[in-house]
Amino acid sequence: DALLVGDFNFDSERNFRPPHDPLENSALHTHLSGFDDVWPLLRPGERGLTFDSEENPYVRGPEQMRYDRVMARLASWEPAEIELVGSAGADGLVDLDRHELSDVLRYLPGGRAPRDGAGAG
């Protein structure tokens, strides 16, 4: 079992600068085969923006990206939920960097059946 979590420094939907093809995010399938991107796995159709000029006044806009990822290759655990944290300011303060992702794993006694290794996202 393995988790790779953090700021991948590229968006899940588009390249920040040219060339715009191939999508930088596509490298995850090549270099992290067998890993699943947990956000689209558990929240299909939701963008999960972790850098958002509409939500964070300190981000020079317009910019909306999902830089942060939770990549999972799991046999004895499965992703159960994921959410954005740090999206609301405290006492008028907003995180200067970005929202973070929080995930929850569920233990699977005996593991789960092997997957095809193609990854989900």
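Side-chain atoms are counted along with the backbone in the values below, which use heavy atoms only and exclude waters and symmetry mates.
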**Report entry** F35 and its side chain to side chain contact (heavy atoms under 4.5 Å, CB included) partner, picked from L32, V38, D37
**Finding:** L32

Query - Among L84, D52, D11, the one residue meeting side chain to side chain contact (heavy atoms under 4.5 Å, CB included) with R66 - result: D11

Any side-chain heavy-atom pair of [X] and [Y] under 4.5 Å:
X	Y	result
R69	N25	yes
P79	D36	no
F10	L28	yes

Would you name the heavy atoms of [X] and [Y] that are closest together and state the gap between them?
X	Y	answer
P62	S53	CA-OG, 3.4 Å
S12	L23	O-CD2, 3.7 Å
R14	M65	NH2-CE, 3.3 Å
L3	A72	CD2-CB, 3.6 Å

Is a side-chain donor or acceptor of [X] paired with a backbone partner of [Y] at a separation under 3.5 angstrom?
X	Y	value
N9	Y67	no
W39	E46	yes
R43	I82	yes

Query - Distance (rounded to the nearest 0.5 Å) between D1 CG and E78 CD - result: 11.5 Å

Report summary line: Value for CG (L42) from CD (E83), rounded to nearest 0.5 Å, stands at 11.5 Å

